[in-house]
Amino acid sequence: MIAHDFDYYRPDTMKEAYGIYQKLSAMDKSPAYYAGGSEVITMSRAGSILPGAVVDLKAIPECTYMGFADEGLMIGACVTLSAIAESKLFPMLGTAVSRIADHTNQCRITLGGNVCGTIIYRESVLPLLLTDCSVYLWGANGERRVPIKDVFHQRVMLKKGEFITRFAIDQKWLGVPYIHVKKTKNEKIDYPLLTLVALLEGGDIRMAFSGLCEFPFRSSRIEDTLNGPDCTISEKAERITHQLPGPCLDNLDGSAEYRAFVLKNTVYKVLQKFKEMPNGRI
Ligand SMILES: Cc1cc2nc3c(=O)[nH]c(=O)nc-3n(C[C@H](O)[C@H](O)[C@H](O)COP(=O)(O)OP(=O)(O)OC[C@H]3O[C@@H](n4cnc5c(N)ncnc54)[C@H](O)[C@@H]3O)c2cc1C
């Protein structure tokens, strides 16, 4: 049970949603955007957030559309993880989101909610980072389109009241060869000890990680090492364990040392697999 009263709004347009949010903020209602609600409800129940109002984005057509446009594949921020996986339009993203939570929850968790959520893993962002997708945001000046690297660095960085409306992925990325590995402590459905998503484009590898540090990331330093000509696969796998952008997570799922060990072995196997692919030059 949620122990406090709150107002519920379900606007039909992006403009209306932003306007309602601003009005509620001015009234000190501490509003929260609401998509799948899995995190908003859990955190409200636990008392860790106390929104006086929620603004549900799911009646906004742009936020629920998935299909092709001039910019490529458009995925609305409120499209659910199960809809993405079942559509098979973007297999790399479909595979990544199929390993988040269980099927019942995948039917309500949304892409935007996972990317914007406070739970640190945000695994759905990995394919979006690897494919340099564009993110559409609605804010004070209407809708704007930004490269994901400008709005996601460790976590999403939005101005107050701004929200994600949709993601655009260039068609050229939809069918690239990729590898997805999710390692958990025990069960298949669990937070990641390590999730690694990698793709091969023009002979070069791109790789992004979740579960390793306190945030999901893609690193140009690591990719330089992976694509550099001057050492063996085994040396590359060892070297990148010293190139992480922050300390390895150390929690009940696994110690920092164990995570580094899993990283090294996983990267080694992934590089070997890529080497066997027709365009792999590692
Ligand atoms: C059983 C279970 C297992 C899970 N396992 C994993 C896992 O293994 N890996 C993983 O990555 N995650 C996992 N999660 C976390 C889950 O992915 C998040 O709870 C979920 O992503 C939240 O999505 P939602 O659509 O329900 O968002 P909501 O709860 O609606 O919103 C989450 C946050 O994002 C904000 N928000 C939502 N949409 C937007 C938008 N369009 N623009 C701006 N802000 C927005 C909300 O205001 C809120 O702060 C798990 C969750 C559950 C319930």
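As a basis for the values below, the full set of heavy atoms in this structure was taken, side chains included, without hydrogen atoms, waters or symmetry mates. Order of appearance sets the numbers: ligands from 1, and atoms from 1 within every ligand.
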Just list the N/O pairs, ligand 1 to protein, that are under 3.5 Å apart, with the distance for each.
| residue | atom | partner | partner atom | Å |
| --- | --- | --- | --- | --- |
| ligand 1 | 8 (O) | Glu123 | OE2 | 3.1 |
| ligand 1 | 8 (O) | Lys182 | NZ | 3.0 |
| ligand 1 | 8 (O) | Asp190 | O | 3.3 |
| ligand 1 | 9 (N) | Glu123 | OE2 | 2.6 |
| ligand 1 | 11 (O) | Asn114 | ND2 | 3.3 |
| ligand 1 | 11 (O) | Arg122 | N | 3.1 |
| ligand 1 | 11 (O) | Glu123 | N | 3.1 |
| ligand 1 | 12 (N) | Asn114 | ND2 | 3.4 |
| ligand 1 | 17 (O) | Asn114 | ND2 | 2.7 |
| ligand 1 | 19 (O) | Ser38 | OG | 3.3 |
| ligand 1 | 19 (O) | Glu39 | OE1 | 3.4 |
| ligand 1 | 21 (O) | Asn114 | N | 3.3 |
| ligand 1 | 21 (O) | Asn114 | ND2 | 3.1 |
| ligand 1 | 25 (O) | Gly36 | N | 2.9 |
| ligand 1 | 25 (O) | Thr110 | N | 2.9 |
| ligand 1 | 25 (O) | Thr110 | OG1 | 2.7 |
| ligand 1 | 26 (O) | Gly37 | N | 3.1 |
| ligand 1 | 26 (O) | Ser38 | N | 2.8 |
| ligand 1 | 26 (O) | Ser38 | OG | 2.6 |
| ligand 1 | 29 (O) | Ser38 | N | 3.3 |
| ligand 1 | 29 (O) | Glu39 | N | 2.8 |
| ligand 1 | 29 (O) | Val40 | N | 2.9 |
| ligand 1 | 30 (O) | Ala35 | N | 2.8 |
| ligand 1 | 30 (O) | Gly36 | N | 3.3 |
| ligand 1 | 30 (O) | Gly37 | N | 2.8 |
| ligand 1 | 41 (N) | Ile164 | O | 2.9 |
| ligand 1 | 42 (N) | Ile164 | N | 3.0 |
| ligand 1 | 47 (O) | Tyr33 | O | 2.6 |

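The side chain to side chain donor-acceptor pair (under 3.5 Å) check on Asp5 picks up nothing, with sequence neighbours excluded. Under the salt bridge (charged side-chain N to carboxylate O under 4.0 Å, His left out) criterion, Arg259 pairs with no residue, sequence neighbours left out.
If you chain together ILVMFWY residues whose side-chain heavy atoms come under 4.5 Å of each other, Val55 ends up grouped with Tyr9, Met14, Tyr18, Ile20, Tyr21, Leu24, Tyr33, Leu57, Ile60, Trp138, Phe163.
Of the charged side-chain nitrogens involved, none lies within less than 4.0 Å of a carboxylate oxygen, so that Lys58 and Asp12 do not count as a salt-bridged pair.
Distance alone, capped at 3.5 Å, is enough to place a donor-acceptor pair between the Thr165 side chain and the Tyr136 backbone. Remark: side-chain polar atoms of Lys236 are paired, donor with acceptor, to backbone N or O of Gly228 under 3.5 angstrom.
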